[in-house]
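Everything quoted here is computed from the prediction, not taken from an experiment. Just follow the structure's listing: the first ligand is 1, and inside any ligand the first atom is 1.
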Amino acid sequence: MLKQVAEGVLVRQSEFLQSNAVVVQGRTGVLLVDPGIEASEMAALANDLRELGQSVVAGFSTHPHWDHLLWHAELSEAPRYGTARCAAAIRDLLSKADWNAQVAEALPPEIAEEISLDRFGLVTGLPADTAQIPWDGPEIRIIEHQAHAPGHAALLIEERGVLVAGDMLSDVLIPFLDLDAPDPIEDYLAALRLIEGVADDVGVLVPGHGSVGGADQVRARIKQDRAYVHALRDGGDAGDPRLRPTAQNGGWLPGVHEWQLESLAGRRERDGAPG
Ligand SMILES: [Zn+2]
């Protein structure tokens, strides 16, 4: 199930939304980014790693959404990191007496029973502007931006030419904007520009959900995401191919798109801005 995508970088894809867990080989063990969804999948991953003679020495969550914050006891008690903003958002959630119920409500009913909230969100925030993940392995640059979720981070493993994009640059999901942010459209466009700035260093692109892509996919998906965000800003959908129903997306993406359009229109009305 673990697939090598570059030297020392492996990906395990979950059935749910084609979620990608990323394993990076370090000197004394592996770093695990966004470990997976169902408890049994993470147990299987722990088992696969054991068979490879590897232990998890660090974890990283790209952003504070439930499907990137799960964990399994068999993956070890290694420190799990996120950006300071990511950790603050999780702290906010976990400080609520009913956080468990709030998260449970967000889970897709068809797999809710397979998901364990044991060790959910136990993420240590790295100091603001930390440039690299602190661990004993290839340098991993943290490219933090404000799009999709507070403190969202893409990771660039420069020596391996791998970009772990978190929930950006997916070939199966449209951009989901952080509609609670003051300027979600401009935030998203700025994030795409930031990622574009490292595009020349990327040979392999691993999105949080969807297919792993080669070098050509980085700019292609930036272009596609930018076109979608422009269309959203202008009140349309630009015929985005990802809005077509498929067996994987269950046909619910047009609903997300409509909801994003309505939220942005409502916001413009409230702000009294033209158009
Ligand atoms: Zn997300």
Undergrad: Of all N, O or S atoms in His63, which has the smallest distance to the Zn ion (ligand 1)?
TA: NE2
Undergrad: Can you tell me if an N/O/S atom from Asp67 lies under 2.8 Å from the Zn ion (ligand 1)?
TA: no
Undergrad: So, Lys223 and Glu196, do they make that salt bridge, N to O below 4.0 Å?
TA: no
Undergrad: Salt-bridge test for Asp225 and Arg242: reply yes if a basic N is under 4.0 Å from a carboxylate O, no otherwise.
TA: yes
Undergrad: Taking the side chain from Gln260 and the backbone from Leu177, do they hold a donor-acceptor pair closer than 3.5 Å?
TA: yes
Undergrad: Of all the atoms in His152, is at least one N, O or S atom closer to the Zn ion (ligand 1) than 2.8 Å?
TA: no
Undergrad: Starting from the Zn ion (ligand 1), look over the N/O/S atoms of His65 and name the nearest one.
TA: ND1
Undergrad: Out of the candidates Val164, Leu126, Val123, only one should pair with Phe60 under the side chain to side chain contact (heavy atoms under 4.5 Å, CB included) rule; please name it.
TA: Leu126
Undergrad: Give the atom name of whichever N/O/S atom in Asp167 sits closest to the Zn ion (ligand 1).
TA: OD2
Undergrad: Could you tell me if the ring centre of His145 sits under 6.0 Å from that of His63?
TA: no
